[in-house]
There are 2 protein chains.
Amino acid sequence: MMPPQSATNTISLSVIKTACSNCNLRELCLPFGLSIEELERLDDLVSTRRRLKRGEHLYRSGVPFDAIYAIRSGFFKTDVLLEDGREQVTGFQMAGELLGLDGISTEHHTCNAVALEDSEICAIPFSRLESLSREIHTLQHHFHKVMSREIVRDHGVMMLLGTMRAEERLAAFLLNLSQRFTARGFSHAEFYLRMTREEIGSYLGLKLETVSRTFSRFQEEGFIAVQQKHIRILNVAGLKALMNHRG
Amino acid sequence: MMPPQSATNTISLSVIKTACSNCNLRELCLPFGLSIEELERLDDLVSTRRRLKRGEHLYRSGVPFDAIYAIRSGFFKTDVLLEDGREQVTGFQMAGELLGLDGISTEHHTCNAVALEDSEICAIPFSRLESLSREIHTLQHHFHKVMSREIVRDHGVMMLLGTMRAEERLAAFLLNLSQRFTARGFSHAEFYLRMTREEIGSYLGLKLETVSRTFSRFQEEGFIAVQQKHIRILNVAGLKALMNHRG
DNA sequence: CTTTATGGTTGACTTGGATCAAGCTTACAC
DNA sequence: GTGTAAGCTTGATCCAAGTCAACCATAAAG
């Protein structure tokens, strides 16, 4: 499906709806901290919108890089594939988060980004982002913070994969999702998983059976209620306690 | 030990030696791709040098961030600690590589950086780096590439921790070190490990005994010769082959 | 030189999570 | 509706890596 083409009499409304300055995610996304005038300059840059169906790739490993992407709605995974077919999911991204930072390094994307539900993204041409951030200090600094935050997040994943047991990994995963849904105004205690057990397993360095069994165990112990992809967190403290218990 | 204080008659020599423009690591480090004039502007910024003894911290998790650091000589590890004492080594860094990018996000460092041998670093005040990269496009772009490269590296570590077996992890680790030593003009086949088996294990998500046993197995199979921290790689192809064999 | 501490190796045994396998649930295509 | 495929759950078994323990190597301190 193509982005809606505006008829002449509706252009202004459509433009307003597309702009960063009117996006309700702006405090989570790249515009964070910008003034009104600065925001308007960013609007010029973020002109391209694109809708993706569930299962569609936003980009694939190896393709030339020229833009980063802000998620306007929907849910994505990024993954890296080894030659022998093994997959590592490197992250799950939701509204307001940026995709594509991996491509700056070599000017080619180094992972795949796949929509896990129907989604909408804003493309931000990278060379234009660099020019603009040479002019707008706040934008420059915020962009640096976003990249750095990604590095810090990655360290957290390394910690998880390197030192935690299956229960701890899954508890950390659920608490992280919960916290991010909350930041977006959704319930912290109830949500639908957009990814399969296999994708969760790949992200957490576990097999899908282990993910499934661990969910069941959490349910037996009253920490959560699971029904396929529907999760209710019943005992946040319990999940947190799981994580600081032994190595 | 303090950095050498120059007497008046030796200042110019000392300054020349300290400058990026005369640093033999410049093609591996931040100055990559800069013109002579641009390099000289970077020199003004990278004024502070610091020596660290083996075991000394360059920074600690939690301390305010104000500079990133280029390694001029030596060897570092970065690690993250969990409250219960578990450690995850997030990387090993050598000459020409940057440390401290994790601190930009929250304006506080989020990991520890420790010298694994006597080392020397150049401190680059971050706000001045941002100003200068608003003026020098090449510097800005290269800095973005360096941050992005770190993200890509982290994805590689996730792949390693999430999907590889002990043998594959250790082979990947040795090949990575070898390749980085080569890029610095050292032998690709013979080097001293600066870190303990425990630190290797922490980085690779293995226990020190497993690291030790896997080294021994590699030796039995003729891939390497190990004597404590001294490593000779005898069969690069063999190590590479280990990695693409099954999941 | 000897002592001591830190780090490395190796062996015996255990275990958490993988593997293999069967059956179940849900959603969608026809 | 019914059939089918994809995804999830659960059980039985296995094995790679962890744990526990003893001993060895090297380097620094006295």
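Below, read A as the first sequence line, B as the second, and so on, with proteins coming before strands; counting in each chain starts at 1. Just so we're clear, the structure is a prediction, and the values are computed from it rather than from any experiment. Hydrogens, waters and symmetry mates are skipped; everything else that's a heavy atom, side chains included, is used.
- In this structure, A:Q219 atom CD and D:dT9 atom P are separated by 9 Å, rounded to whole Å.
- You'll find that the side chain of B:R165 is closest to D:dA16, out of D:dC8, D:dA16, C:dG7.
- To the nearest angstrom, P of D:dA17 lies 13 Å from CE of B:M164.
- With D:dA17, C:dT26, C:dG17 as the candidates, the nucleotide lying closest to the side chain of A:A166 is C:dG17.
- At a cut-off of 3.5 angstrom, the base of C:dT6 holds no donor-acceptor pair with the side chain of B:R54.
- Residue A:R169 is the one, among A:R169 and A:Q227, whose nearest nucleotide of DNA chain C lies closer to the 5' end (criterion: closest heavy atom).
- In summary, the side chains of B:D102 and B:Y59 do present a donor paired with an acceptor at a separation below 3.5 Å, with no hydrogens or angles considered.
- Residue-level contact check: A:L206 touches the backbone only, with heavy atoms under 4.0 Å from sugar-phosphate atoms and none from bases.
- In this structure, A:H109 has its ring center under 6.0 Å from that of A:F65.
- Rounded to whole Å, the distance from NZ on B:K53 to P on D:dA28 is 12 Å.
- Which of C:dG16, C:dA18, D:dT10 sits closest to the side chain of A:S212 comes down to D:dT10.
- Rounded to whole angstrom, the span from the CG atom of B:L193 across to the C1' atom of C:dG8 amounts to 12 Å.
- Across the protein-nucleic acid pair, A:E198 atom CD and C:dA18 atom C1' stand 14 Å apart, rounded to whole Å.
- The listed nucleotides are D:dT10, D:dG7, C:dT19; the one nearest the side chain of A:S216 is D:dT10.
- Listed candidates were C:dA18, D:dC8, C:dG11. Nearest to the side chain of A:K207 is C:dA18.
- In this structure, CG of B:L208 is placed 10 Å from P of D:dT19, rounded to the nearest angstrom.
- Counted by atom type alone, A:S61 and A:T110 present zero donor-acceptor pairs between their side chains at under 3.5 Å.
- Between B:R217 and B:E209, the residue anchored nearer the 5' end of DNA chain D, judged by the nucleotide with its closest heavy atom, is B:R217.
- Just one of A:V211, A:L177, A:L206 meets the side-chain contact (heavy atoms from CB on, under 4.5 Å) condition when paired with A:I200; it is A:V211.
- Rounded to whole angstrom, the span from the CG atom of A:L204 across to the P atom of C:dG17 amounts to 12 Å.
- Between A:F186 and A:F181, the angle of the ring planes goes over 60°, which puts this pair in the perpendicular group of the 30/60° scheme.
- Nucleic acid contact class of A:G201 (heavy atoms, under 4.0 Å, all strands): none.
- As a whole-Å value, the separation of B:L116 CG from C:dT6 P is 17 Å.
- With hydrogens and angles left out, the side chain of B:R213 and the base of D:dG18 share no donor-acceptor pair within 3.5 Å.
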